[in-house]
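Since the structure comes first, as structure tokens, the remarks are kept for the end.
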4 protein chains.
Amino acid sequence: MDEVSTASGRPPRRRRKEARPAELIRAGLEEFALHGFAGTRLEDVARRAGVVKGTIYRYFTDKEALFLAAVRLEVAPVLSQITGFIDTYPGTTRDLLKLIIETVHRQLVNSDLRVLIRIIIAEGERFPALTELYYAETISKGRALLERVVERGIARGEIREGAAARLPLVLIAPALMAAIWRMTFDRHASISSEDFLAAHIDLVFHGVLTGDERDWSVTRAL
Amino acid sequence: MDEVSTASGRPPRRRRKEARPAELIRAGLEEFALHGFAGTRLEDVARRAGVVKGTIYRYFTDKEALFLAAVRLEVAPVLSQITGFIDTYPGTTRDLLKLIIETVHRQLVNSDLRVLIRIIIAEGERFPALTELYYAETISKGRALLERVVERGIARGEIREGAAARLPLVLIAPALMAAIWRMTFDRHASISSEDFLAAHIDLVFHGVLTGDERDWSVTRAL
Amino acid sequence: MDEVSTASGRPPRRRRKEARPAELIRAGLEEFALHGFAGTRLEDVARRAGVVKGTIYRYFTDKEALFLAAVRLEVAPVLSQITGFIDTYPGTTRDLLKLIIETVHRQLVNSDLRVLIRIIIAEGERFPALTELYYAETISKGRALLERVVERGIARGEIREGAAARLPLVLIAPALMAAIWRMTFDRHASISSEDFLAAHIDLVFHGVLTGDERDWSVTRAL
Amino acid sequence: MDEVSTASGRPPRRRRKEARPAELIRAGLEEFALHGFAGTRLEDVARRAGVVKGTIYRYFTDKEALFLAAVRLEVAPVLSQITGFIDTYPGTTRDLLKLIIETVHRQLVNSDLRVLIRIIIAEGERFPALTELYYAETISKGRALLERVVERGIARGEIREGAAARLPLVLIAPALMAAIWRMTFDRHASISSEDFLAAHIDLVFHGVLTGDERDWSVTRAL
DNA sequence: TATGAATGAGTCTTCATTCAT
DNA sequence: CATGAATGAAGACTCATTCAT
């Protein structure tokens, strides 16, 4: 289990003041995502981090403190990437949108961050402060970002005004579905990341109706 | 809280033995949705059902049995409605799709069933049998249903072939987002059901690009 | 251990809603007196009361609640006795004083109440509310009572004015000493209750000086 | 807090190795007196002494060793003073007694030693060796000392024979009461040291009865 | 020698489950 | 059948003690 071990068979104590909290947080995040707050045993978190239960209490006052620290740490890495190229993007809004959607799939859906979604959904009721934090730090910024993209698209005549444009959030709904699918039904019916991404982009770009079926007058009224 | 009450203020010992399990199941579903499996106390479930903790064990062997019973009971009412009109629908696929989306919003997003989604997401890892059950009973049928609609639309020239059509699941992704939003961020930033529904339909019908920006050759390659 | 037992060797569960709290309180008082608040294990309290640890929590929210309940229960039985005959006592103040001292020795020093003294002394710092309660309920009343006796004695010319009469508390100091001695050094150097009582009365009545040595002028100045 | 301090705000690593154990002992005594043996945290003792928890183990094998060392250290300074003048005292036994009582109040009741009393009372049951030590080192010597004084008084016709003279311990009972009062009820009802001392001396010298009420025949029979 | 991170045994507390009434 | 007191197995948390630095 350890690369270093003593003759007594028990791994030697390690002193890693700086590294510990981060290791514990990561271990905690994984356990919390798997079992929820109430269902997670600190013993398991400790084992996963390679320490003993009591050690956790050197760094966190209690289970909740660890939980909050874990969830908070993972805030906003996705957004920071996207925010970077949003304003200076030289190409079409179409391409920008595609880039954003791809980034979201790569950074959120297909990464460990996915578990954050589960935690927020599962524990939001018990930790309102958590959802608030998340809304303020991540979601609201993400919404603003999407709104800027849509505005830009409309201004440039690349994006159509309408109900969807008025709630740009829905533009990433398929990514949310992909993340959830991966955590739930994927083992029973696997869907590849590529298929999800392609369907996502296709839907967002064109919808599914053929040109003939489009009834703009009705739709616009929605 | 009860339609019947005595002068003593305490509800009378109820004699509707048949109703008991259903009451417990409903109470259980609500608590499980709120606090998750591990976080739910049977004491609370019992109180919510107006009985005493021990009574639960008359009807369910243990906590897990209640949990599974609760989750199972709520399966598939949405689908049964939809399945009804799917094959005989006389109108356009466009209108059928609209009808389906509206039904999903009404029956799933804006009803108590929404909590099921939370349970599946939160507890899926711990109860693989649950997700399996759900996949078999509901999701796979829903997928099949959507596929039939899409096939019909393609056959009638009303739905465009493409990546989205190949993964019809994404057509209801905005509804999933709406349900989750309602359970998490709605208290911080409320979004009306109507807006979500309108954006959903709009997106699914047309996507957000203007006609000029559509580059079919590229999209089709996805 | 139990007069009733099952074939399985484990004592049957007993349902004693009314008796339980009192049994737990008594058991708690004994353990707390022996080991202090921090040093007492609820496991031991439970065993002493013939139940299991968890049962305590049906009646008390936590260890502290049990502790406070235990200490509070034992308030003031001594005083109620004494207060009874104080005002109507027909004899001399000398005899009344003797009666009071004897009662205190019998009811406080030579009874289980002695342990209360230990608890108050040992835990007073940690539970200021406790000493306050005790002062209000018992000590202040005891002081008032002694003061009334002394006043009566002075009025009747039976008790001498002076520093001791101005602080009647000291009249029972030897009883306090006896109680403490019993709990500490008695095992190393036993002193009989009778000897303590006799010395107490003798001291309070006459002091130890002979008539010749009394220097009233000096003493009165104190 | 420290007479020496550095610019960094943290006290300099002290080099007075000899003083360390004494500082720890004093810190320990204070904490033990406040919270009892079980209730005392070595962390607090260490902080009070300005060191770190682990440092304690350089000087004491474990918590109990520190406790015993702390309690032992404070033994007998009172007695040594008194023993000094006891045999050579030139004045009356009355004055000698007064001197002794005043010394006890000054050295025991009104000094830090008072806390020792609390420790003995609180922890005596758990540390029989402690009470034994105390009895042997202090109490028995104190008793012997008081007995010598009384004998001297009787021999010189200054002290009256009787029950109190046969248990000279009671002559300092009021001092014990004063010490305990200071630690418990003083915050609720303060009594000055002077009042306690005066009442003590007055009681020991004369008792509280007037000459008329003295019934020597009865008292002597006690 | 002093530090303070890490350990692990011990205790409080919770709660699913059982069972006498 | 229903009740709710009692049980006992966890699990959170504390803290005396150890040990690498």
Side-chain angles (χ1 to χ4, degrees), chain A residues 6 10-21 38-46 49-66, chain B residues 13-15 17 20 38-46 50-66, chain C residues 6 10-20 38-46 49-64 66, chain D residues 13-15 17 20 38-46 50-66:
Chain A
T6 62
R10 160 179 357 196
R13 289 190 189 182
R14 311 223 218 110
R15 287 169 63 91
R16 318 218 258 135
K17 187 181 173 182
E18 291 77 30
R20 276 290 186 252
T40 291
R41 294 196 310 244
L42 289 186
E43 175 116 36
D44 292 340
V45 175
V51 297
V52 123
K53 194 167 36 161
T55 303
I56 295 176
Y57 289 87
R58 177 155 293 280
Y59 300 97
F60 304 96
T61 56
D62 58 10
K63 191 184 186 181
E64 187 168 332
L66 172 64
Chain B
R13 187 77 59 84
R14 322 222 199 122
R15 284 283 128 223
K17 283 173 243 175
R20 249 320 132 56
T40 290
R41 295 195 311 234
L42 289 188
E43 175 112 37
D44 292 339
V45 174
V51 298
V52 118
K53 194 166 39 160
T55 304
I56 295 177
Y57 288 85
R58 297 252 136 236
Y59 300 97
F60 304 95
T61 58
D62 58 9
K63 191 184 186 182
E64 188 168 331
L66 172 64
Chain C
T6 62
R10 161 181 353 197
R13 289 190 189 182
R14 311 225 219 110
R15 286 168 65 90
R16 317 219 258 135
K17 189 182 174 181
E18 291 77 32
R20 277 288 184 251
T40 291
R41 293 194 312 240
L42 289 186
E43 175 115 37
D44 292 340
V45 175
V51 298
V52 122
K53 197 167 33 161
T55 303
I56 295 177
Y57 288 86
R58 176 155 293 279
Y59 300 97
F60 304 95
T61 56
D62 57 10
K63 191 184 185 182
E64 188 169 330
L66 173 63
Chain D
R13 189 74 62 83
R14 321 221 201 123
R15 283 285 127 222
K17 282 173 243 174
R20 251 318 134 56
T40 291
R41 296 195 311 233
L42 289 187
E43 175 112 38
D44 292 339
V45 175
V51 298
V52 118
K53 194 166 40 160
T55 304
I56 294 177
Y57 288 84
R58 297 251 136 237
Y59 301 97
F60 305 95
T61 58
D62 58 10
K63 191 183 186 182
E64 188 168 331
L66 172 63

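By convention in this document, chain letters (A, B, ...) are assigned in the order of the sequence lines, proteins followed by strands, and residues within each chain are numbered from 1.
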Would the base of F/dT17 count as contacting D/Lys63 through its side chain, where contact means a donor and an acceptor less than 3.5 Å apart?
no

Check: F/dT17 base within 3.5 Å donor-acceptor of D/Lys53 side chain:
yes

Could you state the [atom1]-[atom2] distance from [X] to [N], rounded to the nearest angstrom?
X: B/Glu43; N: F/dA2; atom1: CD; atom2: C1'; value: 15 Å
X: B/Tyr57; N: F/dA5; atom1: OH; atom2: P; value: 17 Å
X: D/Asp44; N: F/dC15; atom1: CG; atom2: P; value: 8 Å
X: B/Leu42; N: F/dA6; atom1: CG; atom2: P; value: 20 Å
X: C/Ile56; N: E/dT11; atom1: CD1; atom2: C1'; value: 12 Å

For F/dT21, the nucleotide meeting Watson-Crick or G-U wobble distances (both under 3.5 Å) is E/dA2

Residue D/Val51, side-chain heavy atoms: nucleotide from E/dT3, F/dT3, E/dT7 that is nearest:
E/dT3

Could you please name the option among F/dG11, F/dA16, E/dT7 that lies closest to any side-chain atom of D/Arg41?
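Among F/dG11, F/dA16, E/dT7, the one nearest the side chain of D/Arg41 is F/dA16.
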
Is there a side-chain contact between [X] and the phosphate of [N], meaning an N or O under 4.0 Å from OP1 or OP2?
X: A/Tyr59; N: E/dA5; result: no
X: B/Thr55; N: F/dT3; result: yes
X: A/Arg58; N: E/dA6; result: no

